[in-house]
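Quick note: numbers below take in every heavy atom, side chains included, and nothing from hydrogens, waters or symmetry partners. Atoms within each ligand, like the ligands themselves, are counted from 1 in listed order.
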Amino acid sequence: MSTLFLQSEIKNPYLFYQKMIDENPIYWDESNKIWAIYSYKYCVEILNHKDSQIPPVSEKNLNEYALEISRNLARLSNGIQHEIAKETATILFSNMKSIGIDSILSQLFKSHNNNKINWVELICKKLPVLTILKSFNFNDQDSLFIADNIEWLTKIMHPNKNPEDIKFINCVSKEIYLIAENHIRTLSFYENLIAIISTKHNISHKETKSMFVSNLIGLFIQSYDAARGLLSNALLQCFSEGNNLDKTDKIQIQKLVAETIRFDPPIHNTRRIATEDIQINDFIVRKNEIILVVLAAANRDQKQFKNSMLFDIERENNQEHLTFGTGGHMCLAKYFSIHLATEALHYLFSNFKKISILENEIENEPLINARLPKAIWVLLSN
Ligand code: HEM
């Protein structure tokens, strides 16, 4: 039984996850030499365990800019380096100014003169990163360049990169790095942030600046795939049989988004490496073994969520999901993501009277860690 599969090749991974929760909640996959954890309890245990860390990603053949970004990202670092990176990312995130998402949506819809749209291409791939860029006052030209090219830089997170990934990463990393580096000097909190981080952690201003630039780019990277998936999955849930909600009521939409995050998360799994032997239930994960933490399975664990296979927007404890992880590496952007998806769907249903989805079978991207619709064709009329 293989625990690693492309999401594009499995119609309903939840049947498999359910079986694994029941029969093998902690499973050693001999063919891939990886542990896979499915139940809620053990996923939480691994994510909070002091000896489970982020595994290294391959940096082979990356150019100097891509290397700098990869080495500084909160998402990819451990120990003290992670503490500094996380603090930098958190300060950056808390300095995002609040902006009108509606105006970005209106421009995106205007850029497309047709009543048939691909929701994924037009909105999901653009809105999250443009929202972050605008919140940091990037100008239109730089925003356009970054929004059009960030997809290539997300490959920096892949544990193993093929020559094509490396070519794309190297191709865009210099320009994105230099745009971000030039821009941060204009931010009002720049000097303050550099002083706080460099004094507190006794690192040079040069290193602190690089940490700052990399983690700003990290916010673009992190938002790209995951928020794209949430915007896609939440729209699909709006049209799912049985979900007869009032689509112009923002509170109803927000509840739908919250349950979508549990029921149909964009990121299905994350990885850890054991830095010492870890005892988990009756098993011992040996030092240096890799662990796949299946967040999407944990979200359907009956022991945690009653009638877990039912989509129920009134579910009381759906915020206990593991979609944003838990522990030291937990996502910074939970509320930002819920807000973004709620605003986007509310805009769509308030601005177009008739909306229909044009196909039944949605194909997913060929990725192991994320379940992301490739395209969702939608017909709109006023
Ligand atoms: C629906 C949308 C999102 C989902 C499902 C999601 C999911 C996650 C998950 C699962 C992790 C933890 C990974 C791990 O423990 O291995 C994570 C970390 C992170 N996320 Fe998100 N994310 C989303 C949106 C965003 C956005 C919009 C941003 C930025 C604006 C963001 C920034 C980050 C950062 C910086 C980390 C690294 C934290 C650390 O390692 O300390 N995320 N995210």
Side-chain angles (χ1 to χ4, degrees), residues 37 43-44 46-49 52-57 69-70 72-96 99 101 124-136 146 150 154 156-157 159 211-212 214-235 257-273 290-296 298-299 319 321-344 369-372:
I37 314 288
C43 284
V44 170
I46 288 297
L47 291 173
N48 284 316
H49 201 288
S52 90
Q53 300 217 338
I54 301 284
V57 294
I69 299 168
S70 173
N72 282 323
L73 286 181
R75 174 70 186 79
L76 296 180
S77 51
N78 289 302
I80 182 68
Q81 176 78 359
H82 175 243
E83 228 176 87
I84 304 172
K86 179 98 177 193
E87 199 175 334
T88 306
T90 307
I91 297 178
L92 276 165
F93 193 73
S94 64
N95 277 288
M96 273 166 61
I99 52 133
I101 293 170
C124 309
K125 287 188 177 181
K126 295 282 187 272
L127 179 66
V129 69
L130 285 176
T131 304
I132 298 173
L133 287 158
K134 229 177 163 195
S135 311
F136 286 111
I146 294 176
I150 197 66
T154 60
I156 227 167
M157 313 300 268
M211 183 65 85
F212 193 156
S214 305
N215 280 289
L216 176 59
I217 296 171
L219 296 185
F220 310 148
I221 293 176
Q222 288 291 127
S223 70
Y224 181 76
D225 276 348
R228 158 191 169 179
L230 174 60
L231 286 163
S232 304
N233 297 348
L235 180 73
V257 169
E259 176 68 345
T260 303
I261 285 173
R262 177 195 75 89
F263 187 82
D264 192 9
I267 306 296
H268 272 223
N269 55 65
T270 186
R271 293 180 192 214
R272 292 293 186 267
I273 184 167
I290 300 286
I291 310 163
L292 186 80
V293 184
V294 189
L295 309 166
N299 284 358
Q319 75 291 350
H321 62 73
L322 295 185
T323 299
F324 294 97
T326 189
H329 283 276
M330 189 176 174
C331 185
L332 314 172
K334 181 173 164 181
Y335 297 106
F336 171 87
S337 306
I338 297 174
H339 176 68
L340 187 81
T342 306
E343 291 297 318
N369 72 317
R371 198 163 171 87
L372 307 175

Quiz item: To the nearest 0.5 Å, what is the distance between CZ (Phe220) and CD1 (Ile150)?
Solution: 7.0 Å

Quiz prompt | Separation of Thr270 OG1 from Arg272 CZ (nearest 0.5 Å) | solution = 5.0 Å

Self-check item: Contacting atoms of ligand 1, where contact means under 4.0 angstrom from a heavy atom of Met330
Solution: 38 (C)

Self-check item: Exercise: identify the closest heavy-atom pair between Pro265 and Ala296
Solution: CG-CB, 3.7 Å

Exercise. Give the residue, atom name and distance (to 0.1 Å) of the protein heavy atom nearest atom 24 (C) of ligand 1.
Key: Ser337 OG, 3.4 Å

Exercise. Check each of Thr90, Thr323, Leu47 against atom 7 (C) of ligand 1 and report the one with the nearest heavy atom.
Key: Thr323

Self-check item: Nearest-contact summary for atom 23 (C) of ligand 1 - protein heavy atom, Å
Solution: Ala226 CB, 3.5 Å

Quiz item: If we only count heavy atoms from C-beta on, is the Leu127 to Leu340 side-chain gap below 4.5 Å?
Solution: yes

Exercise. Number the atoms of ligand 1 from 1 as they appear, then name those within less than 4.0 Å of a heavy atom of Gly328, with their elements.
Key: 41 (O)

Self-check item: Option whose closest heavy atom lies nearest to atom 15 (O) of ligand 1, chosen from Gln222, Arg272, Arg75
Solution: Arg272

Quiz item: Is ligand 1 less than 4.0 angstrom away from at least one heavy atom of Ala85?
Solution: no

Self-check item: Side chain to side chain, Ser52 and Ile273, heavy atoms closer than 4.5 Å
Solution: no

Quiz prompt | Nearest-contact summary for atom 35 (C) of ligand 1 - protein heavy atom, Å | solution = Leu332 CD1, 3.7 Å

Quiz prompt | Under 4.0 Å to a heavy atom of Gly325 - the qualifying atoms of ligand 1, by number | solution = 10 (C)

Self-check item: ligand 1 atoms in contact with Phe336 (distance to a heavy atom under 4.0 Å)
Solution: 27 (C)

Exercise. Show which atoms of ligand 1 fall inside a sub-4.0 Å distance from at least one heavy-atom site of Phe93.
Key: 30 (C)

Exercise. Any atoms of ligand 1 less than 4.0 Å from a non-hydrogen atom of Leu230? List them with their elements.
Key: 1 (C)

Quiz item: Are any of the heavy atoms in Pro128 under 4.0 Å away from ligand 1?
Solution: no

Quiz item: For Gly325 and Met330, which heavy atoms make the closest approach, and how far apart are they?
Solution: O-CG, 3.6 Å

Exercise. May I ask you to test the Asn72-Gln81 pair for a side-chain heavy-atom distance under 4.5 Å?
Key: yes

Quiz item: What protein heavy atom sits nearest atom 27 (C) of ligand 1, and how far off is it?
Solution: Ser223 CB, 3.4 Å

Quiz item: What protein heavy atom is closest to atom 29 (C) of ligand 1, reported as residue, atom name and distance in Å?
Solution: Leu219 O, 3.7 Å

Practice problem: Starting from atom 6 (C) of ligand 1, find the nearest protein heavy-atom neighbour and note its residue, name and distance. | Solution: Phe324 CD2, 3.6 Å

Practice problem: Could you check if a side-chain atom of Ile91 sits within less than 4.5 angstrom of a side-chain atom of Phe212, using non-hydrogen atoms only? | Solution: no

Quiz prompt | Heavy-atom pair of closest approach, residues Ala341 and Val257 | solution = CB-CG1, 3.9 Å

Practice problem: Work out whether the distance between some heavy atom of Ala227 and some atom of ligand 1 is less than 4.0 Å. | Solution: yes

Practice problem: List the atom of Asp225, the atom of Leu372, and the distance in Å for their closest heavy-atom pair. | Solution: O-CD2, 3.5 Å

Quiz item: If only atom types and distance count, is the side chain of His321 paired as donor or acceptor with the main-chain N or O of Leu295 below 3.5 Å?
Solution: no

Self-check item: Atoms in ligand 1 flagged as close to Lys86, the criterion being non-hydrogen separation under 4.0 Å
Solution: 38 (C), 39 (C), 41 (O)

Exercise. For Pro128 and Ser223, work out which heavy atoms get closest and say how close.
Key: CB-O, 3.9 Å

Exercise. Working to the nearest 0.5 Å, report the span between OG1 of Thr154 and OH of Tyr224.
Key: 7.0 Å

Exercise. Give a yes-or-no answer on whether the side chains of Thr323 and Asn299 include a donor-acceptor pair shorter than 3.5 Å.
Key: yes

Practice problem: Compare all side-chain heavy atoms of Phe263 with those of Asn233 and state whether any distance is below 4.5 angstrom. | Solution: no

Quiz item: With a 4.0 Å heavy-atom cut-off (strictly under), which part of Ala333 contacts ligand 1: side chain, backbone, both or neither?
Solution: side chain

Exercise. Using a strict cut-off of 4.0 Å, indicate which atoms of ligand 1 neighbour a heavy atom of Pro266.
Key: 5 (C)

Quiz item: At what distance is the nearest protein heavy atom to atom 38 (C) of ligand 1, and which residue and atom is it?
Solution: His329 O, 3.4 Å

Quiz item: Applying a strict 4.0 Å limit to heavy atoms, is Phe220 in contact with ligand 1?
Solution: no

Quiz item: Is ligand 1 under 4.0 Å from a heavy atom in the side chain of Thr270, in the backbone, in both, or in neither?
Solution: side chain

Quiz item: Taking the non-hydrogen atoms of His82, is any one of them nearer than 4.0 angstrom to ligand 1?
Solution: yes

Practice problem: Could you tell me the residue and atom name of the protein heavy atom closest to atom 8 (C) of ligand 1, and the distance to it rounded to 0.1 Å? | Solution: Cys331 CB, 3.7 Å

Quiz item: Rounded to the nearest 0.5 Å, how far does CG of Asn95 lie from OG1 of Thr90?
Solution: 11.0 Å

Self-check item: Side chain, backbone, both or neither: the part of Pro265 lying under 4.0 Å from ligand 1 by heavy atom
Solution: neither

Quiz item: Is Ala89 near ligand 1, meaning one of its heavy atoms is under 4.0 Å from it?
Solution: no

Self-check item: Location of contacts on Ile132 toward ligand 1, heavy atoms closer than 4.0 Å
Solution: side chain

